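When reading the values below, keep in mind they use all heavy atoms of this one structure, side chains included, and skip hydrogens, waters and symmetry mates. Note that the structure is predicted; figures quoted are calculated from it, not measured.
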Amino acid sequence: MKFIDMSPVPSTVAGMTQVLVVEDEYIIAANLQENLESLGYRVADIATEATEAIEKASILRPDIVLMDIRLRGGTDGVKAAEQIWNRLQIPVIFITGHSDRTTLERAKSTFPFGYLLKPIKDRELYVAIETALNRYEREQLLATVFRSIGDGIIVVNTRGRVMFLNRSAELLTGWLQEEARDQELPAVFNVMTAATRLPIGNLALAAIQQDQIIFLGEQFLLTTKDGTIFPVTDSIAPVKNHKGLITGAVIVFRDDTQRQRQADYNRTTERAQLLERQTAELQALNELKDDFLSTVSHELRTPLTNIRMAIQMLEITLDQQSDLDATGTDRMTRYLNILRDQCNQELSLVNNLLELQQIEAGLHPIEHVEVRLDEWIANSLEIFQERAHSRGQQLQMLIASDLPVLVTDLTILTRVFAELLMNACKYTPPGGEITVSACAQPNEVIQLVVCNTGVTIAAADLPRIFDKFYRVPKGDRYQQGGTGLGLALIKQLVGLLGGSIWAESDIDHTCFTVELPLVPPQAPA
């Protein structure tokens, strides 16, 4: 009997990750099934040739496919894997006894999620499957983000050939991603000048060669795959990896028809004064939208680039090692931590944006309850004591003994307090102090103050730190990170409670003060 000690167990074992095995050698297929089941996976079925593999993948919809490259019949595993991914978006790991360069290059052309050489060891099999599932989950998250963006997005490689289109780009150009992949950019993004009707060529190559963003003005037309022509406005920017090397370019574009129609209407209407005001308002909204998209694009681009590089490094690590040693495990762990942290940052950004939109639309729920501040603050600080201690920070509480009962929304109050404490822990250097104080003011308000040492915010930055997407310049290593939405959201939440918040800072000392009414005006009597 074979005993296998794998730690940790597969992350999806509770849901029984289903694997489709495609192998035309019976003994090898049976051995793979035994190994997979001993690792906690479920073998959905076994296929022996490409057509059967595609049919079973379509019916069974497994979580992952183990695909032998050399199969019986007219179609090999590479072609089958390509069709399974294009039709079903199911990740494929190649298993083969052939490691020649030609086979490897053909396999790489289908963007597989792994590549294992026979004979396959249990640990290699486990690591390959878990890595592929993690990569697939993260890529699906990124694909969801891209699909939710209203503008068209096209990514090309350094040769100016299309690698990716989001759903908006497919709708605007008429090209599906599988049709457009590896096409020259002008074939898919066929843009010409409105005045001369001459094609502008492959501006992605120009952006890559000049290493700068190229913006198209208003007089450009896009011809779709079916021949439809409409005006577009866009920008083309080079994409760089973590080493600063250009790996391609990204084109962000939108249909400019509606804006141009509005502009024509504004120029021809007789009500000049009213239209002048409407034009100014429209222009301001467009500038705000462009600024927002530009900022969010930056906030997404850097983490996504890091995620992509981490995935590539994981693949290299797994390809180069027949059995993971301690060094390989450490490297894999470090790259996975990068993926997790960057994805968490993106999720935090999206969640904060949605909550800000909810507040601004007046839809954020509020439920007033009575809160005993001395008990609540003491309980809340317990959560942060261990974090502060692990960072070598001192966390202390100065609470007045005669604090009255506060009527407020406890969920919102906890969110505000936690955000301020997390910022204090994040930006306080080792050996620094964090102080939380609370007292009642004569005008029937409660004042909560969170102070920390070791950080100075310049006077010029204080008025702007609550603005959306504003981050204090990197004066030292403790003043960096974040998305610039946390304090903006906190200010809005404090406003929902009928209170106010402000910051004060001097040399190596910063305080955030929150003032809340004992009973907010909208609370029930």
Separation between CD1 (I154) and CH2 (W175), nearest 0.5 Å, reads 11.0 Å
Between the main-chain N or O of Q177 and the side-chain N or O of R181, is there a donor-acceptor pair closer than 3.5 Å? no
Please report the interatomic distance CD1(I54) to CD1(I59), rounded to the nearest 0.5 Å. 12.0 Å
Are E184 and R161 within salt-bridge range, i.e. N to O under 4.0 Å? yes
For Q89, is there any backbone N or O sitting under 3.5 Å from a side-chain donor or acceptor partner on Y136? yes
Just how far is it from atom OG1 of T96 to atom CE of M67, taken to the nearest 0.5 Å? 12.0 Å
With E170, which residues qualify under side-chain hydrogen bond (donor to acceptor under 3.5 Å, both in side chains), at least two apart? R167
Should L36 and I129 be marked as a side chain to side chain contact (heavy atoms under 4.5 Å, CB included) after you check the CA-CA gap, both sets of side-chain angles, and the distance that decides it? CA-CA 10 Å; L36 288 166; I129 291 176; 3.4 Å; yes
Where E23 and I46 come nearest, the two heavy atoms and their spacing: O-CG2, 4.4 Å
Test L487 against N423 for side chain to side chain contact (heavy atoms under 4.5 Å, CB included), laying out the working first. CA-CA 9 Å; L487 288 177; N423 281 346; 3.8 Å; yes
Within-4.5 Å side-chain heavy-atom neighbours: I90 and W85: no
Output the distance between atom OG1 (T131) and atom OH (Y126), rounded to the nearest 0.5 Å. 8.5 Å
Over all heavy atoms of both residues, which pair between L489 and R415 is shortest? Give the atoms and the distance, please. CD2-NH2, 3.0 Å
Taking the side chain as every heavy atom from C-beta outward, state whether L88 and S58 have any atom pair closer than 4.5 Å. yes
From the list T224, L221, D256, side chain to side chain contact (heavy atoms under 4.5 Å, CB included) partner of F230 resolves to T224
Strictly distance-based, threshold 3.5 Å: is any side-chain N or O of D122 a donor or acceptor partner for the main-chain N or O of L125? no
Between I64 and F113, is any pair of side-chain heavy atoms under 4.5 Å apart? no
Take D467 and K491 through the test side chain to side chain contact (heavy atoms under 4.5 Å, CB included) and record every step on the way to the result. CA-CA 9 Å; D467 292 348; K491 184 176 181 180; 5.9 Å; no
Over all heavy atoms of both residues, which pair between S235 and I213 is shortest? Give the atoms and the distance, please. CB-CG2, 4.3 Å
Measure across T257 and P231 and return the closest heavy-atom pair with its distance rounded to 0.1 Å. OG1-CD, 3.4 Å
Check step by step if side chain to side chain contact (heavy atoms under 4.5 Å, CB included) holds for I251 and F189. CA-CA 9 Å; I251 299 94; F189 190 62; 4.0 Å; yes
Please check if the side chain of T75 supplies one atom and the backbone of K79 the other of a donor-acceptor pair under 3.5 Å. no
Can you tell me how far the CG atom of L222 sits from the CZ atom of R254, to the nearest 0.5 Å? 14.0 Å
Side chain to side chain contact (heavy atoms under 4.5 Å, CB included) test vs V22 passes for just one of I69, V92, V65, D68, namely V65
Are the side chain of N166 and the backbone of I153 linked by a donor-acceptor contact shorter than 3.5 Å? yes
For K118, is there an ion pair with E25 - N to carboxylate O distance below 4.0 angstrom? no
Which pairs count as salt bridge (Lys or Arg N to Asp or Glu O under 4.0 Å) when at least one residue sits in residues 188-212, sequence neighbours excluded? D211-K240
Can you name the closest pair of heavy atoms from M16 and D63 and give their distance? O-OD2, 4.1 Å
Once rounded to the nearest 0.5 Å, what's the spacing between atom OG1 of T173 and atom CG of D226? 10.0 Å
Test item: I457 and R464 side chains (from C-beta on) under 4.5 Å apart, heavy atoms: no
Check Y41 against E130 and note the closest heavy-atom contact, atom names and distance. OH-OE2, 2.7 Å
